[in-house]
K.L.:
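First the structure, which I've put down as structure tokens, then a few questions once you've had a look.
What you see is a predicted model, and the numbers here were worked out from it, not measured in a lab. The residues of the chain are indexed from 1 along the displayed sequence. When a ligand or atom number is given, it counts from 1 through the structure's own listing order. As a basis for the values below, the full set of heavy atoms in this structure was taken, side chains included, without hydrogen atoms, waters or symmetry mates.
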Amino acid sequence: MPTREQWRERAANLEFRSLPYIGGEPVEPAGADTIQVIDPGTGQHVTEVAAGGEADVNRAVASAREAFRAGSWSRADPAERKQTLLRLAELVRRSAEELALLDSLNMGKLITDSYTGDIPHAADVFQWYAETTDKTYGEIAPSGDGDLALVTREPLGVVAAVIPWNFPFSLASWKVAPALAAGNSVVLKPAEQSPLSALRLAELAAEAGVPAGVLNVVPGYGETAGQALGRHPDVDCLAFTGSSEVGKLFLRYSSESNMKPVWLECGGKSPNVVFADSEDLDEAAERACFAVFWNQGQVCSSNSRLLVERSIHDDFVSRLLDRVRGIRLGDQLDPGTKMGPLVDETQLERVLGYIERGRGEATLAVGGERVAIDGGGCFVEPTVFTEVANSSVIAQDEIFGPVLAVIPFEDEAQAIEIANDTRYGLAASLWTSNVSRALRVSSRLRAGTVSVNSVHANGAPIPFGGFKESGFGRDLSLHSLEKYSAPKTTWIHYG
Ligand code: NAD
């Protein structure tokens, strides 16, 4: 792993892409709007990127449609799509240093996470979906004598993907890889806070052999470029990851335009339930820290509610706080840093607002302050509130920052009740050495993923998504392919 100085030097020499990528090349946008990219660790200006608007979205959708009709990707031999996506996976691996730097510089993610986590994971996702292209079979449905009912899966056409800033490159792969593997053309809109790595992805895809127009990237603001995609009459499917509030807007855009299917991966307020019979409380405390403070708490499945059985509550909280006090804040490009900056000033203000709210609702056990590193940056201390009522705002709202609410419980039934008492249902963790309890409790937790004696269980073959206001549809796994293709029946009467 390079040192902080080496990463900073490489960052200073990075080349940035700044234009929408449409029809196989960077193009001048129709308007003059821009996105200013600021390094949240230093507050320094990094670069400027064009903010695409409705006209650019229209152009990208037209280009995607034309490519889809031409068939060089949509009707390509599956083995050809496979080889192309495998080449893309390899190019991502080879570009890991550059891509990791783009994400870390752009939104403050630790370089250790992006370089050893996000980017290799995204390469795995491209590889995994590449391998599905020539292993996905059609069906023959039961029919009467003299008839043959063939059921094939067809790509939908133009898929739009709108994604957030917390895992810029890897979440792009979660949408783009299965949509391309299924034979669609894609228009990707990265979050305005993190456009850099998505623009580079478009180039890498072209280098791998993805035909012009099959993957287009339009950086831009949500209300303009995002909304234009949501309302576009020629977009066949929209895959969204982001907040539940904006997810609901996409349902409206669809109902007011062409009824395109909309898939939503939205927010969470996930519980981490620690029972007194956990085998290793130190491990549980260690992982509870990671579960909430990873990526500065800007994780949809962040375990931001920690439910602790009353009989071990004080002991467990003291083990937890010891660890929280040891978390070193610092430059996200320093491999020794344990927590970096939040994405920007807006998010920082939002998180500080919730911390203020929490001071009136619960006991502030540690943290709670903004700190300056080298004189600036968007840093907030890892913050823990104890004796939190589950009905309080800090236990119900998704803060999306390094803030943990610790909630005591008396027994298993109460733990389940509190865990499920939320409008979200994305993820949950639980710690116990009792197998029966593990199975019983996980079956009753209303969450898309339950991690037992672990946290943040995730990987390309594992479906990821939620219940309730966490959305619907699943990213990753073979289930994701179902979102980007439709069964088509061809009924042949042969007499
Ligand atoms: P956000 O909802 O503000 O933005 C997400 C995307 O939607 C961005 O590309 C943005 O430009 C666009 N957008 C914003 N307003 C829009 C509008 N009015 N019309 C159309 N598009 C619009 O979310 P964020 O702040 O970027 O990300 C944080 C949220 O994402 C959190 O709620 C988090 O839980 C969620 N998230 C969910 C998952 C998951 O898989 N469930 C993963 C990561 C993040």
K.L.:
Considering non-hydrogen atoms of the protein only, which is the closest contact for atom 34 (O) of ligand 1, and what is the distance?
P.N.:
Glu398 OE2, 2.5 Å
K.L.:
Which part of Phe167 is near ligand 1, with near meaning a heavy atom under 4.0 Å away: side chain, backbone, both or neither?
P.N.:
neither
K.L.:
State whether the side chain of Ser104 and the backbone N or O of Ala100 hold a donor-acceptor pair below 3.5 Å, judged by distance alone.
P.N.:
yes
K.L.:
What atoms of ligand 1 come within less than 4.0 Å of a heavy atom belonging to Pro164?
P.N.:
24 (P), 26 (O), 27 (O), 30 (O), 43 (C), 44 (C)
K.L.:
Should Glu203 and Arg17 be marked as a side chain to side chain contact (heavy atoms under 4.5 Å, CB included) after you check the CA-CA gap, both sets of side-chain angles, and the distance that decides it?
P.N.:
CA-CA 10 Å; Glu203 285 183 348; Arg17 277 70 183 169; 2.8 Å; yes
K.L.:
Examine ligand 1 and decide if any of its atoms is less than 4.0 Å from a heavy atom belonging to Cys266.
P.N.:
yes
K.L.:
Is the Tyr484-Trp263 ring centre distance short of 6.0 angstrom?
P.N.:
no
K.L.:
Provide the number and element of each atom of ligand 1 under 4.0 Å from a heavy atom of Glu265.
P.N.:
37 (C), 38 (C), 39 (C), 40 (O), 41 (N)
K.L.:
Given Thr241, Thr346, Leu188, which one has a non-hydrogen atom that is nearest to atom 5 (C) of ligand 1?
P.N.:
Thr241
K.L.:
Take atom CD in Glu54; do more than 12 heavy atoms of anything else shown fall under 6.0 Å from it?
P.N.:
no
K.L.:
Salt-bridged, Lys248 to Glu469, with N to O below 4.0 Å?
P.N.:
yes
K.L.:
I need the contact type for Asn166 against ligand 1. Using non-hydrogen atoms and a strict under-4.0 Å cut-off, is it side chain, backbone, both or neither?
P.N.:
side chain
K.L.:
Could you tell me how the ring of Phe250 sits relative to the ring of Phe240: parallel (under 30°), tilted (30 to 60°) or perpendicular (over 60°)?
P.N.:
tilted
K.L.:
Under the side-chain hydrogen bond (donor to acceptor under 3.5 Å, both in side chains) test, which residues partner Ser301, sequence neighbours left out?
P.N.:
His456
K.L.:
I want to know whether Trp174 and Phe169 have ring centres closer than 6.0 Å.
P.N.:
no
K.L.:
Which residue supplies the protein heavy atom nearest to atom 10 (C) of ligand 1, what is that atom called, and how far is it?
P.N.:
Glu192 OE1, 3.5 Å
K.L.:
Using a 4.0 Å heavy-atom cut-off, which part of Leu249 comes near ligand 1: side chain, backbone, both, or neither?
P.N.:
side chain
K.L.:
How close does the nearest protein non-hydrogen atom get to atom 2 (O) of ligand 1, and which residue and atom is it?
P.N.:
Ser243 OG, 2.6 Å
K.L.:
Could Glu369 and Arg359 be called an ion pair, given the rule that one side-chain N must be under 4.0 Å from one carboxylate O?
P.N.:
yes
K.L.:
Kindly indicate whether atom 26 (O) of ligand 1 is approached by any protein heavy atom to under 4.0 angstrom.
P.N.:
yes
K.L.:
Would you please determine whether Leu171 falls within less than 4.0 Å of ligand 1 on a heavy-atom basis?
P.N.:
yes
K.L.:
Which residue holds the protein heavy atom closest to atom 24 (P) of ligand 1, what is that atom called, and what is the gap in Å?
P.N.:
Trp165 NE1, 3.4 Å
K.L.:
Looking at Gln296 and Pro341, would you say the former's side chain and the latter's main chain have a donor-acceptor pair under 3.5 Å?
P.N.:
yes
K.L.:
Give the residue and atom name of whichever protein heavy atom lies nearest to atom 35 (C) of ligand 1, and the separation in Å to one decimal.
P.N.:
Gly242 O, 3.2 Å
K.L.:
Do you know which of Cys300, Cys266, Pro271, Ser244 makes side chain to side chain contact (heavy atoms under 4.5 Å, CB included) with Tyr424?
P.N.:
Ser244
K.L.:
Numbering the atoms of ligand 1 from 1, which are under 4.0 Å from a heavy atom of Val246?
P.N.:
2 (O), 7 (O), 13 (N), 14 (C), 15 (N), 16 (C), 21 (N), 22 (C)
K.L.:
Looking only at protein heavy atoms, identify the closest one to atom 9 (O) of ligand 1 and say how far it is in Å.
P.N.:
Ile163 O, 2.7 Å
K.L.:
Which one of Arg305, Arg423, Lys269, Arg350 satisfies the salt bridge (charged side-chain N to carboxylate O under 4.0 Å, His left out) criterion with Asp397?
P.N.:
Arg423
K.L.:
With Arg231 as the cation and Tyr253 as the aromatic partner, state whether NZ or CZ is under 6.0 Å from the six-membered ring centre and within 45° of the axis.
P.N.:
no
K.L.:
May I ask you to list the atoms of ligand 1 that are less than 4.0 angstrom from any heavy atom of Cys300?
P.N.:
33 (C), 34 (O), 36 (N), 37 (C), 38 (C), 39 (C), 40 (O), 41 (N), 42 (C), 43 (C), 44 (C)
K.L.:
Can you name the atoms of ligand 1, numbered from 1 with element, that are less than 4.0 Å from a heavy atom of Tyr253?
P.N.:
17 (C), 18 (N), 19 (N), 20 (C)
K.L.:
With heavy atoms only and a cut-off of under 4.0 Å, state how Gln193 meets ligand 1: side chain, backbone, both or neither.
P.N.:
neither
K.L.:
So which protein heavy atom does atom 33 (C) of ligand 1 come closest to, and at what separation?
P.N.:
Phe400 CE1, 3.3 Å
K.L.:
Heavy-atom distances under 4.0 Å decide this one: backbone, side chain, both or neither, for Leu426 against ligand 1?
P.N.:
side chain
K.L.:
I need the nearest protein heavy-atom contact for atom 22 (C) of ligand 1: residue, atom name and distance, please.
P.N.:
Gly222 CA, 3.3 Å
K.L.:
Salt bridge or not between Lys260 and Asp234? Use side-chain N to carboxylate O under 4.0 Å.
P.N.:
no
K.L.:
Please identify which atoms of ligand 1 are closer than 4.0 Å to at least one heavy atom of Phe464.
P.N.:
39 (C), 40 (O)
K.L.:
Relative to the heavy atoms of Val162, which atoms of ligand 1 are at a distance of less than 4.0 Å?
P.N.:
6 (C), 7 (O), 9 (O), 12 (C)
K.L.:
Only heavy atoms of Phe250, strictly under 4.0 Å: list the atoms of ligand 1 that pass.
P.N.:
20 (C), 21 (N)
K.L.:
Taking the six-membered ring of Phe467, is NZ or CZ of Arg474 closer than 6.0 Å to its centre and within 45° of its axis?
P.N.:
yes
